[in-house]
Amino acid sequence: MFDGSRIFRMSEGYNPQEIEPRWQKRWDEMGIYQVDADDPRPKSYVLCMYPYPSGAAHQGHVRNYTFGDLNVRYRTMRGEAVLSPIGFDSFGLPAENAAIRTGIHPRIFTDARIVELRESLLRLGAVYDLRRETRSHDPEYIKWSQFIFTKLLEAGLAYRANAPVNWCPGCQTVLANEQVLSDGTCERSGDLVIRRNLEQWFFKITDYADELLDELDGLDWPERVKTMQRNWIGRSVGAEIDLYIDGRSDLAPITVFTTRPDTAFGVTYAVVAPEYPRLFEIVPESHRADVLNFCDEVQSRSDIERQSTEMSKGKRGIATGAHVINPFNGESVPLYVADYVLATYGTGAVMGVPGEDQRDHDFADVYGLPTVHTTERPAGYDPRLAYDGPGRKINSGFLDGLSVSEAKQGAIDFLSEKRSGRAKVQFRLRDWLVSRQRYWGCPIPVIYCDGCGIVPVPLDQLPVLAPDDVEFLPTGESPLARNRGFVEVPCPRCGGTGRRETDTMDTFVDSSWYFLRFTDPFSDDAPFDPAVAAQWMPVDQYIGGIEHAILHLMYARFFTKALSDLGLAPSDMREPFKRLFTQGMIRLGGSKMSKSKGNLIAPAGYFNGVGADSLRLFHLFVGPPGDDFDWSDQTDEMIDGCHRFLARVWRLATGQAESFPGVSSEASRSATEEQDLELLRSTHRTIERTTNGYDRWAYNTSVAALMEFSNTIYRVLATGVSQRALDEAIDTLLLLLAPMAPHISAELWERRRGGVIHLEPWPVANSDFLIDATAVLVVQVNGKLRDRIDVDASISEDEAIAIASSSEKVVSFLDGRPIRKTIARPPKLVNFVV
RNA sequence: GCCCGGGUGGUGGAAUGGUAGACACGGAGGCCUCAAAAGCCUCUGCUCGAAAGGGCAUGCGGGUUCGAGUCCCGCCCCGGGUACCA
């Protein structure tokens, strides 16, 4: 089941097994998809997301690369020089885990899988400029990844910090925040992620938070992807307020962040996170033991327990015994520690406003803290709830009577004047943790020296390559750390004893600049020549899965901006991907089809059975490209249907259809002008419909248009048509089909016309043939369909009404009632209102 | 909870506010054949009716409109994202 291996009876000569490999070879030899920067045609860049080489392609790949290839071929036929590169995101955990399991070196494992995947893509008929292929684990690529790291380090955009990190016991490595799911588990292994403090490398993506947010507006991306990025960046406008500790003028204040400085008069307490750094100098002696206990207890809980608000009704916290002064009214309010405050967001401390914040309200309820309302509430508002809507300020001193937004500004002005606070924009986005304690990744090119500190490996010594003679053991320690030959090196600066960094980079680093390398893959004095990159960038059409909506796309945008600022890319290159399309995923048995889930359907059987063209066509036809698709028992039958359609095209284009029963070639030749005109109209309407589908990513409707068109050609064959009109129709059909089903189109075109179809110009609809001579006039009474009448397409409004009102059916439905109103839209519709 | 998507025949899905269900899968029948396969042709939303012809239908309830799958309001259900972000 589901392998396409059933025997298909090849209809008279359509033999995909024979033509597909031949054309794949010819495309490669002809090199028509190899492009260079000096190409005179308008340039465009079509790219599918950098694939992880997981072995032979699965249906998700097939769908993705079919969309990509269709775009490449379509744009080429429209006269563009299309850059269509391919490469492999070849570093990553699966290869290393396999090495631990089997002892096979990750490079050997990975190279074998690259061969398989490349083979699958070529067998699909996808065309690339293969000269440009990159692989993340190539020494050349490693060299330039490390070069970029070094440049980021010099610019202060890479830094080392001790930080609480997400440690996955299953993967035995640190994860980025983005790789931890909301339930506290690892997105890859599903293990519960724990917190650890480690020295790690970070990239300062937060420097670009504003730009990353603002420039989303100009991108032609799916709105939901932009929304996800906006939420991820999480820009919050508000203020920081300094709360001095009552009676301890010797201590620095606790600074809280709030988006509602206008509610400051409603503060009845303050809270810090259990991890708050200066907590113990603030807590008075009398409370220390209790607070310490509480903090220990909280931190021993897993993130899951901590986050489950359902389990514990109240907020879990403890009074510190200290008090802080509210600068607005001079009041002293108690300071708590509570686990509902996140150490990792803002300042790790917040002010408690039970009247206007539901979380504070809940906490105040449990701990018996008072509530002060500072916003006038609408009548009938539930007094048990916090109110965060608009209204006049009350109980707020000098802010009374102002609106919320006026009061925010007033409060900020007050804080600035008193020097006890400031306007502040806070982001949810945090810096990108790039260290990974793994072997199979790009080594971080740094040496630690007791005297000189952190010393980057000099550029002329790059790449730093991981040694091959390592042991892969399931200890969780990187094999690099155990390899003395790798670790022990002299300091490049002072020559003293140095120790090499053994962490490697997150593989998202590799995929953050590969699209730039593709523009200039042979550059050996820079990652790429900015001038050459400028000719191809930005990517005109980027295609990939929605799963990369946040991580990959955000990191790639950050890299593009950073490289631009570093002078490695053109200064005006701020965004890498002009237009993005996110394809739907293919599910089998309810979950996404993927190697890690083990629910793959290999395309190989279909390649060997119905052929790649039929499988491509199926993926295009099955539904809107952005929608998910459930692979089911019926899917093979639909694929058969696509094969049947191609076989019908084959018979049409090879003249076999005319000799079929019911069709005499005599009839086909003795055509009237009227019959020819009908076919011509159909031909040009199909050009329009199909092209329209291509342009708005509605390939399913393009396929449907071509199916209808071939049905029409079959029909006119039976009734009579001239050879000229027939040839035009069939040639057009092949041209329109060429980006979708490239092999059969190429083969038939060569047989009929000679030459290479994919070098032909895209057909243009002649508007003379888009006008129909007749139309169907729909007649309604009170909006209900009552009759349909064939009319001349050029009839006037009065004629249409006259024809409509003379319809017997209409008359019977009017039932003698007077017509109150008549709506006429000639020649398509007349509606009588009675 | 919040933010996005989406609910149309037995199935996948079409429909610039103007014939709902294009196209295809599945199903039924016919032609061809000794027979089958393949191919070709016809029918196929539900329902009442012998037929002619009606009625009902795009998750539910309202509304706007001559006319709503499409626009507006209020719900329900499904999928995804996010989740104490102050």
Side-chain angles (χ1 to χ4, degrees), chain A residues 7-12 181-183 222-228 230-232 234 236 238 256-260 263 271 306-309 315 338-342 344-347 349-353 356-360 362-363 426-430 546-547 549-550 585 587 618 621-624 626-630 632-642 644-645 647-648 651 656-657 660-663 689 698 700-708 711 714-715 718 776-785 787-788 809 812 820-825 828-834:
Chain A
I7 309 296
F8 291 90
R9 192 172 172 282
M10 296 311 158
S11 58
E12 308 305 318
L181 302 179
S182 57
D183 66 355
E223 210 46 55
R224 69 177 169 140
V225 174
K226 293 204 269 187
T227 302
M228 283 162 77
R230 283 188 193 106
N231 292 341
W232 193 261
S236 295
V256 297
F257 173 71
T258 178
T259 54
R260 292 294 304 276
T263 64
V271 212
R306 242 181 109 168
Q307 283 172 13
S308 63
T309 42
K315 299 294 181 185
D339 71 352
Y340 80 97
V341 178
L342 302 177
T344 49
Y345 181 76
T347 57
V350 300
M351 59 187 204
V353 187
E356 275 98 26
D357 183 288
Q358 192 58 44
R359 295 160 301 188
D360 297 345
D362 294 344
F363 187 80
Q426 186 68 46
F427 292 92
R428 205 187 87 116
L429 182 72
R430 279 172 248 153
I546 187 76
E547 65 271 22
I550 298 174
M585 60 183 187
R587 287 184 302 236
F618 159 76
F621 182 55
V622 70
D627 286 6
D628 290 350
F629 171 72
D630 283 296
S632 77
D633 292 348
Q634 286 193 38
T635 302
D636 274 349
E637 282 157 349
M638 293 177 72
I639 296 169
D640 290 355
C642 291
R644 271 198 294 275
F645 166 68
R648 275 164 75 81
R651 288 192 296 273
Q656 294 171 68
F660 269 54
V663 182
R689 287 177 63 194
N700 52 329
T701 64
S702 293
V703 177
L706 295 183
M707 287 176 167
E708 265 184 80
N711 291 343
Y714 265 74
R715 206 163 43 243
V776 178
L777 178 71
V778 170
V779 188
Q780 300 177 326
V781 176
N782 285 343
K784 287 204 172 192
L785 174 74
D787 202 5
R788 297 168 211 213
K809 289 177 190 169
S812 73
R820 283 199 294 130
K821 195 171 175 183
T822 303
I823 288 98
R825 297 281 181 276
K828 311 253 309 186
L829 178 123
V830 171
N831 185 11
F832 296 112
V833 185
V834 296

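Residue numbering restarts at 1 for every chain, and letters A, B, ... go by the order of the sequence lines.
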#### Entry: Along RNA chain B (nearest heavy atom to each residue), the more 5'-positioned of A/R260 and A/R715
A/R715
### Task
Using the C1' atoms only, state how far B/rG55 lies from B/rU11, rounded to an integer number of Å.
27 Å
### Query
Within less than 4.0 Å of OP1 or OP2 of B/rG18, is there a side-chain N or O belonging to A/K828?
no
### Task
For nucleotides B/rA35 and B/rA57, find the distance between their C1' atoms and express it as a whole number of Å.
44 Å
### Message
Classify A/D627 by what it touches in the nucleic acid, base, sugar-phosphate, or nothing, heavy-atom distance under 4.0 Å.
### Response
nothing
### Task
Compare side-chain N and O positions of A/R644 against OP1 and OP2 of B/rC23 and report whether any pair is under 4.0 Å apart.
no
### Summary
Taking B/rG67, B/rA86, B/rU19 as options, the one with an atom nearest any side-chain atom of A/V776 is B/rU19
### Query
Mind checking the P distance from B/rA15 to B/rU8? Whole angstroms is fine.
15 Å
### Task
Return yes if some donor-acceptor pair links the side-chain N/O of A/N782 with the main-chain N/O of A/V834 below 3.5 Å, else return no.
yes
### Query
How many Å lie between CG on A/L829 and C1' on B/rA68, as a whole number?
14 Å
### Query
For B/rC40, does OP1 or OP2 lie under 4.0 Å from any side-chain N or O of A/R651?
yes
### Task
Taking all heavy atoms of A/M585 and all of A/D628, pick out the closest pair and write down the distance.
N-OD1, 2.8 Å
#### Entry: Gap between atoms CG and P, on A/N782 and B/rU65 respectively (whole Å)
15 Å
### Task
Pick the P atom in B/rC25 and in B/rU16, then give their distance to the nearest Å.
24 Å
### Query
Paired with B/rU42 by Watson-Crick or G-U wobble geometry, both distances under 3.5 Å: which nucleotide is it?
B/rA28
### Out of B/rA86, B/rA15, B/rG13, whichever nucleotide has its closest atom nearest the side chain of A/T258
B/rA86
### N/O (side chain, A/N700) to phosphate O (OP1/OP2, B/rA22) under 4.0 Å
no
### Task
Starting at atom CZ of A/R648, determine the distance to atom C1' of B/rG39, rounded to an integer number of angstrom.
10 Å
### Query
What interatomic distance, in whole Å, is found between C1' of B/rU58 and the corresponding atom of B/rC31?
37 Å
### Message
Using the side-chain heavy atoms of A/M228, tell me which of these nucleotides is nearest: B/rG12, B/rA20, B/rG81.
### Response
B/rG81
### Task
Take the protein atom CD of A/E223 and the nucleotide atom C1' of B/rG80, then report the distance between them rounded to whole Å.
16 Å
### Task
Would you mind building the protein contact string for nucleotides 46-56 of chain B? One character per nucleotide, 5' to 3', B for base within reach (heavy atoms under 4.0 Å), S for sugar-phosphate only, - for untouched.
--------SSS
### Message
Can you tell me if A/S236 touches the phosphate of B/rA86, counting only side-chain N or O atoms and a distance under 4.0 Å to OP1 or OP2?
### Response
yes
### Task
Indicate, with a heavy-atom threshold strictly under 4.0 Å, whether A/Q780 touches base, sugar-phosphate, or nothing.
base
### Message
Please report the distance separating the P of B/rG17 from the corresponding atom of B/rU70, rounded so that it comes out in whole Å.
### Response
11 Å
### Under-4.0 Å side-chain N/O to phosphate OP1/OP2 contact, A/R825 with B/rG17
no
### Query
For the pair made of CD in A/E637 and P in B/rC25, what is the distance, rounded to whole Å?
10 Å
### Message
Which nucleotide wins on minimum distance to the side chain of A/Y714, given the candidates B/rC66, B/rG12, B/rC41?
### Response
B/rC41
### Integer angstrom distance from the P of B/rA24 to that of B/rA14
15 Å
### Query
Looking at A/Y345, does any N or O in its side chain come under 4.0 Å of the phosphate oxygens OP1/OP2 on B/rA86?
yes
### Query
Roughly how many Å is it from CZ in A/F621 to P in B/rA14, rounded to a whole number?
10 Å
### Query
Which of these nucleotides, B/rC23, B/rC3, B/rA86, is closest to any side-chain atom of A/N711?
B/rC23
### Query
More than 12 foreign heavy atoms under 6.0 Å from NZ of A/K828: is that the case here?
no
### Message
Can you check the distance between B/rU44 and B/rG10, where both ends of the measurement are the C1' atom (answer in whole Å)?
### Response
11 Å
### Query
Please give, in whole Å, the distance from B/rC25 C1' to A/D630 CG?
16 Å
### Query
Which part of the nucleic acid, if any, lies within reach of A/V350 when heavy atoms closer than 4.0 Å are counted: base, sugar-phosphate only, or nothing?
base
### Message
Of the options B/rG79, B/rG10, B/rA86, whose atoms approach the side-chain atoms of A/R587 most closely?
### Response
B/rG79
### Message
With a 3.5 Å distance limit and no angle check, can you tell me whether A/Y714 reaches the backbone of A/R648 through a side-chain donor-acceptor pair?
### Response
yes
### Side chain of A/I823 (C-beta onward), nearest among B/rU82, B/rC66, B/rU19
B/rC66
### Query
Rounding to a whole Å, what distance do you find between A/F618:CZ and B/rG13:C1'?
12 Å
### Message
Within the 4.0 Å heavy-atom criterion, would you say A/R224 contacts the bases, only the backbone, or no part of the nucleic acid?
### Response
sugar-phosphate
### Query
Nearest of B/rA86, B/rC25, B/rA20 to any side-chain atom of A/Q634?
B/rC25
#### Entry: Most 5' of A/F832 and A/T227 on RNA chain B, judged by nearest nucleotide
A/T227
### Query
Looking for any heavy atom pair under 4.0 Å, which part of the strands does A/G346 touch: base, sugar-phosphate only, or nothing?
nothing
### Query
With the threshold set at 4.0 Å, does a side-chain nitrogen-carboxylate oxygen contact exist between A/R230 and A/E223?
yes
#### Entry: Proximal nucleotide (of B/rA86, B/rC23, B/rA15) relative to the A/T701 side chain
B/rA15
### Message
Which nucleotide, if any, forms a Watson-Crick or G-U wobble pair with B/rC60, using both distances under 3.5 Å?
### Response
B/rG74
### Query
Between the main-chain N or O of A/V622 and the side-chain N or O of A/N700, is there a donor-acceptor pair closer than 3.5 Å?
no
### Task
Would you indicate what A/R820 reaches in the nucleic acid, counting non-hydrogen atoms under 4.0 angstrom: base, sugar-phosphate, or nothing?
nothing
